[in-house]
Structure formats: structure tokens, C-alpha cells
Amino acid sequence: MDYLDQLENRSIFVIREAFHRFKRLAILWSIGKDSTVLLSLVRRAFFGKVPIPVLHIDTGYKFSEIYEFRDRIVREWNLDLVVASNVEARAAGMGPKKGTKLECCTALKTDALKQAIRNHGFDALLLGIRRDEHGIRAKERYFSPRDQGFRWNYQNQPMELWRQYKARTDEGQHMRIHPLLHMTELDVWRYAHREKLPIVSLYFARNGKRYRSIGCEPCCSPVESEAATVEEIIEELMVSTTSERAGRAQDKEDAYNMQKLRALGYM
Amino acid sequence: MSDIENDGRGRCAVAFVGNVDHGKSTLIGRLLYDTGAVPPERLEEIGISEDGETAGAELAHLMDSLQEEREGGLTIDTTQVFFETAARDYVFVDAPGHREFIRNMMTGAGEADAAVLMVDAAEGVGNQTWRHAFLLSLLGVRNCIVIVNKMDLVAFEQERFEALRESVLELAERVDLALLAVIPASAKFGDNVVVASGNMPWYDGPLAIEALESIPATETTKLPMRYSVQDAYAWEDSPVYPGRVESGMLRAGEKARVLPDGFDVTVRAVKRFPEDLSVAETGACVGVTLAETKEIRRGQVLSDPDDLPATATSFNARLFWLGERPLLSGETFNARIACQEGPCTAVAIHRRVDTATLNILAEVADRLEEDDVGEVTLFAQRSFVMEEAACNPALGRILVEREGEVVGAGVITTIEPKA
């Protein structure tokens, strides 16, 4: 079995365990490359079907390309799309200019996610985070419980051994499940290349710039790049020395911002 | 293009284990730093200037990202970092050395192909050194490199190193680890990590980085077919049974015995989206459809009918106890073996051992305390499909839970034939 097959199979096992263990499972789809790869793995795990709702947290500040890509894939892959927004915070004008990054991400992403979980009764979520993205995400488990207040008890995480994962949550808790944890940025691109997956155009260079990590438009900076195809991105990453999230403003406000965001329930 | 596809390049997972404060995170940091693998902005984040001299202590912050870890100077949870050399790709798994975080150590080390065991040259072999060495063996991680670290604290003395080398060899023999190298080093100052040390001219063995490159590729052994049924999906005309090939090869058209029930089926198709396979290898998560109208369910195991695993209710396991409350003889808990689970009772406990010293506490015991290991005789209320871990680890590893929390982990050593 080749290397990408090994990664894929590990992910599929985790996805199927999640589906078996939880009654109301959903997948969080940011439309970025990772969660799109995750969505394709869900299709493979369930033999072409996506049997769970696909949740998109819409902050209202996303790139227009994201919405176009989302709607196309929803049609092509026959997805049960659920769009969630923190309507109150958006009406009150919350945005990257109004609050700190910590406040804005918490209101428009974490709180919107909280509302969606409550409204839809989800007890578990699949998320496309990876260990190599950030030192804090490197500490994550495949099955990672969140308490009622969405807090992540990173000081006391469940043991994971021999593909046995924590199978249940207490009342009010939900489980975050991370099937791509063992993949690197390069693995994701190699997998997307091998599987010829559709990827939103923002990742590909136009006029000497491309996005390496995408979120909300005001808080993402493109990197200098001539890579206009998946092959060229792979070649670029093989020699790159900057980190993937170098263009993400939320990481920069404070050295421990990611830890704080995630402890509060951020993805 | 091989670079695009990454053909043939596996990723070797190496766990860094050993006593707290013996320098695991610092060694990983040193390996990354001296090979130029750290992006400039990461160096800036941990306070090392790009062209400046490095003092060494901050190198651990490359692994320890939690505020509590950096301020407290110790690793709390396991973390992983990706690393590559010209020869191959690695995942370095940093495991915490503190006794309190043994679950995190096992979570990290359980995924490893090989280990680096750290020993502090000044402190010598500590309690967690013994415990971690024992746990590596229990987890099936046999290949091990020992780094005798902090040689700077013992004036780079050869005698001190040779004495420690002797105790390490004894330890490896006791727990059955294969030592690839024993290396005197200083992670803080970089001696014998990536660059040969000028302070230890008496040492002519491999550097840490060379020893890593010498880790042999994991051998795939020829084992009989075992397919764990994970679920049943009924959204097509004929149900598909997703599962994992735990060992051997699963082939379309072949007969298989469904255990523990004991009836035979024919695998009609090996399902994978978008195209079916004729054969699925060990580790493949595929699906099967059956030629017969029989139904199967999660927890059943499809097996090669000519070479069957055991189906048993009574067996012995070498069990490492993680529960705060001790295991008392007679307790019933939930046991998990691959996709099977069900209630099991500990009917007898033998050979209770303190893993900090590997001393036998009692040949016949009524309990296992936290961090003890013992030979536990288990009785399952319903039959499990299993094998001795030494023959086929996939069906030979057992986790034990109380109220959904893992309290024990072990390997099946002997199985009583079903009467």
C-alpha cells in the first residue's frame, strides 16, 4: 500500500467510527482545501454518498469565490448543506474592524458554531484540522470532547491507542473528530492531485500572488507565488520555508491566541 | 513525477520517550534547528535570532506550544512534528515524561515505528526510563535508539557514559527492546546530534541523525486474512459491510468464515468508491458485499477458513493499569479488541510488577494499582475473536474501560480453547 493510501485509510476508519458512534454527526466545511479533501474522504468512506449534513459557518466576510465554489459542489456531490451565521452579532456590526481578532473569530465563527450545534442537535462534528498547521493543533486527538461551554480540556485529553477512540460524550458535550490529523499540507495537496479533486481558485496564483490558507477575506493575506496548478503548488511547498498560516491575522495578535481561541471552542 | 506523487517514500514515526526533564523536546528542537528545518518566523517566535548563537533551552519551545508548557518548562501533552532528510520522511512524536501524563505518552508512542529513549547522563536511569522502556515493549515498538543526554553536565566523561551504557543494555534485555545505538550527546549544545562532538573524541559511533536513518523499515509479515466488520450500510440494494483488513489480503470471490458465529460466506465484491477492488491489502478500509443473503454486523471478523483465529471467553492478558482506582480481582469492565467490545471480568491476577523498577510485587495478587502491570485472567460474557499478540497483534491488543474512560491496556498472552 502506498503512502497516500495509508493516510487515506486511517482517515476513512476514523470517519466511519464517528458515524457509528454518534447519532447526529455533521461535517464542518470551510470550503478550504482541507475540509474539501475531508468531504471527498467522507464520500469514499460511504461509497459515494454523504449521509450527514454539511455545515458551513458563514461570517459574511468570506471571499465571493468561496460561495460560488460551495454552491457548485453542493449540486455536483448532492450535499445536504446547512449554512449557519451569528445573525445577531452580524446585525450588531461585528467585524474585523470592530473587535480584536479574538473577539471577531469568537463571535462570528465559534458562537455561530455553538448556535448551529444547539439548533440542529449535533452531537459530533468532523473537522479538517491537521497537526502540522499549528503547535496547538499538533496536540489534538482524533476524537476530542468539548464540554457544554465548548471548552477544550487540553490538560486532560483522552488516551487514544490502537485505533480505539473515546466512544461517548456526557450530556451537553459534543465530540470534535479530526480525520486528517496525521496529514501535512503537502500530503493534502498530493492527495488532491492524485484524486483530481476540485479546489477553490483562491489557492492558485493570479498576478504573482495566491492564498495558502483561506478564511475571511479581510484577515487573509496572499503569499508571493507563481504556482497556478496543483503540481506547481506541490513543487513550491517542497522548497518553501515559511509556514502555512503566515498569512492568517488571527495567529499574530498574541503568541497564545490559537490556544485561547481553541480553548473557547474555536475550530 | 515521483516528487509530486511521493512514490515509495514512507513516513517513519519515531517516539521520543524517557524520564521527565531528560531532554526529549530539546533534542527534537536541536534536530530541527541544526538541519535548518525551522522556518525563520518560528525561530523568532521562540526568541532565537536567525543568525545568532542558540543557547539551547528555547529549542524545546518548538515542541511545547502550550503557554503552561513553556512557562513550566515541561511537556504536558504529546505532540508531533514532521521532519525530512534526503533519505526519508519522519514524524517525531514528543511524549511527556512526567508520571502524571503517562496516557499522553502512550497515545504518542502507540503510533510509532521506533523510539528514541532519553537518559540524563547526570541523573542516570530514572523511574520513568524503566516505565517507558517497558511500555514501548508492550506497545510493540521494539527498535530503539538510546541517547545519553546532557554529557556536558558530566564533563563529557567516557567512563560515565560506559557505566550508563551498561545499565541501558541491561534494561533493554529485561524488556526485550532491540537497541540500534547508544549515543553520548548534549542536545542543548548540539554534541553528536547532527554534528560530531569535539568534546568526545573517544566516541566513534553514529550521530543521532545517523542512527535515525538506520531505523529499519517496518516489515510486513505474512499473516492470514482477518477483516473486522465496522458497520452495515443499507442505502443500496444489497447492504455493504465496511471494515478494515486487519491482516493478510481480502480477495473478491473468496470464502470467509464469520466469527464468532462460525458460518461461511462468499465475498462477492470488495467495495471502494468509485471503483471496486479485486484485492484489498492489510490496513485497507473498504467494504464487502456477500453472495449469500446472510447479514453480518459490527464486531464480527471475517477470517481465512483454513487458518482461523481463536474464538474464546477465557484468556490471559498482560495488562498495564492506568486507572486511579485500582483493579480489584473480580471486577467487571468493558473490553475492546479491534471493533469488538463487551463485558469482561478479571478473575485472577498474577505476577504484579511495579513498572518503575520492574520488580515483582507479588506472584499472586488481588489488585493492580495505577502504573502496575500484571498477568490478568479474563472471562468474557460473550465470545471474542482474538489471537495471541505475539502471533497477530491486530486481534491481540485489548483496551479496558470504566464508564467510557480507558483504565487499562494490554496484550493477549494465552487463550484457553473453548470447551
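Naming: A, B, ... by sequence-line order, numbering from 1 per chain. All values below come from the heavy atoms of this structure, side chains included, with hydrogens, waters and symmetry mates left out.
A salt bridge is absent between Arg168(A) and Glu341(B); no separation between the charged side-chain nitrogens and carboxylate oxygens falls under 4.0 Å. The pair Glu111(B)-Arg131(A) meets the salt-bridge criterion, since a charged nitrogen lies less than 4.0 angstrom from a carboxylate oxygen.
Here the shortest heavy-atom pairing between Asn104(B) and Gln157(A) reads OD1-O, 4.1 Å. Residues Ala45(A) and Tyr233(B) approach most closely at O-CE1, 3.9 Å, considering heavy atoms.
Contacts of Tyr142(A) with chain B are made by side-chain atoms alone, with heavy-atom separations under 4.5 Å and no backbone atom involved. When heavy atoms are compared at a cutoff of 4.5 Å, Glu8(A) approaches chain B solely by way of its side chain, counted from C-beta outward. If you measure heavy-atom distances from Arg244(B) to chain A, the contacts under 4.5 Å come from the side chain alone. Only the side chain of Leu322(B) comes within contact range of chain A, with heavy atoms under 4.5 Å apart. Interface remark: Ala109(B) contributes no atoms to any contact with chain A (heavy atom separation under 4.5 Å). Using a 4.5 Å cut-off between heavy atoms, Val91(B) does not touch chain A at all. There is no contact between Tyr191(A) and chain B, counting heavy-atom distances below 4.5 Å. Val81(B) does not touch chain A: none of its heavy atoms, backbone or side chain, sits under 4.5 Å away. In this structure, chain B has heavy atoms under 4.5 Å from both the backbone and the side chain of Arg16(A). At a 4.5 Å heavy-atom cutoff, the contact between Arg21(A) and chain B is made by side-chain atoms alone.
The candidate from Leu399(B), Val406(B), Val240(B) with the greatest count of non-hydrogen atom pairs under 4.5 Å with chain A is Leu399(B). The choice from His182(A), Arg44(A), Arg10(A) that makes the most heavy-atom pairs within less than 4.5 Å of chain B is Arg44(A). Contact count versus chain A (heavy atoms, under 4.5 Å) is highest, among Gln80(B), Arg397(B), Glu405(B), for Arg397(B). The candidate with the highest count of non-hydrogen atom pairs below 4.5 Å against chain B, out of Arg43(A), Lys166(A), Arg163(A), is Arg163(A). Options Asp132(A), Ile12(A), Leu186(A) differ in how many heavy-atom pairs under 4.5 Å they form with chain B, and the most are formed by Asp132(A). Per-residue heavy-atom pair counts under 4.5 Å with chain A were compared for Ala280(B), Ala338(B), Gly110(B), Ala13(B), and the maximum is reached by Ala338(B). Between chain B and the residues Asn9(A), Leu7(A), Thr184(A), the largest count of heavy-atom pairs under 4.5 Å involves Asn9(A).
With hydrogens and angles ignored, the 3.5 Å screen pairs a side-chain donor or acceptor of Gln230(B) with a backbone N or O of Phe13(A). Remark: the backbone N or O of Glu160(A) is paired with a side-chain donor or acceptor of Thr107(B) at under 3.5 angstrom. Side-chain N or O atoms of Glu281(B) include one that pairs as donor or acceptor with a backbone N or O of Met1(A) at under 3.5 Å. Arg298(B) places no side-chain N or O within donor-acceptor distance of the main-chain N or O of His20(A), the cut-off being under 3.5 Å.
In the displayed structure, Glu324(B) atom CD is contacted under 6.0 Å by at most 12 heavy atoms of other residues, nucleotides or ligands.
Taking CE of Met183(A) as the start and CZ of Phe82(B) as the end, the distance is 10.5 Å to the nearest 0.5 Å. How far CG of Leu161(A) is from CD1 of Ile398(B): 12.0 Å, rounded to the nearest 0.5 Å.
Two residues are said to be in side-chain contact when any heavy atoms from C-beta on lie closer than 4.5 Å; Leu139(B) and Trp162(A) meet this criterion. Residues Arg11(B) and Asp187(A) meet the side-chain proximity criterion, which asks for heavy atoms closer than 4.5 Å. Side-chain contact between Phe273(B) and Phe46(A): absent, with no pair of heavy atoms (C-beta onward) separated by less than 4.5 Å.
Every residue two or more places apart in sequence or in another chain that forms a side chain to side chain donor-acceptor pair (under 3.5 Å) with Trp29(A) is listed here: Thr36(A). Qualifying salt bridge (charged side-chain N to carboxylate O under 4.0 Å, His left out) partners for Arg24(A), counting only residues two or more places apart in sequence or in other chains: none.
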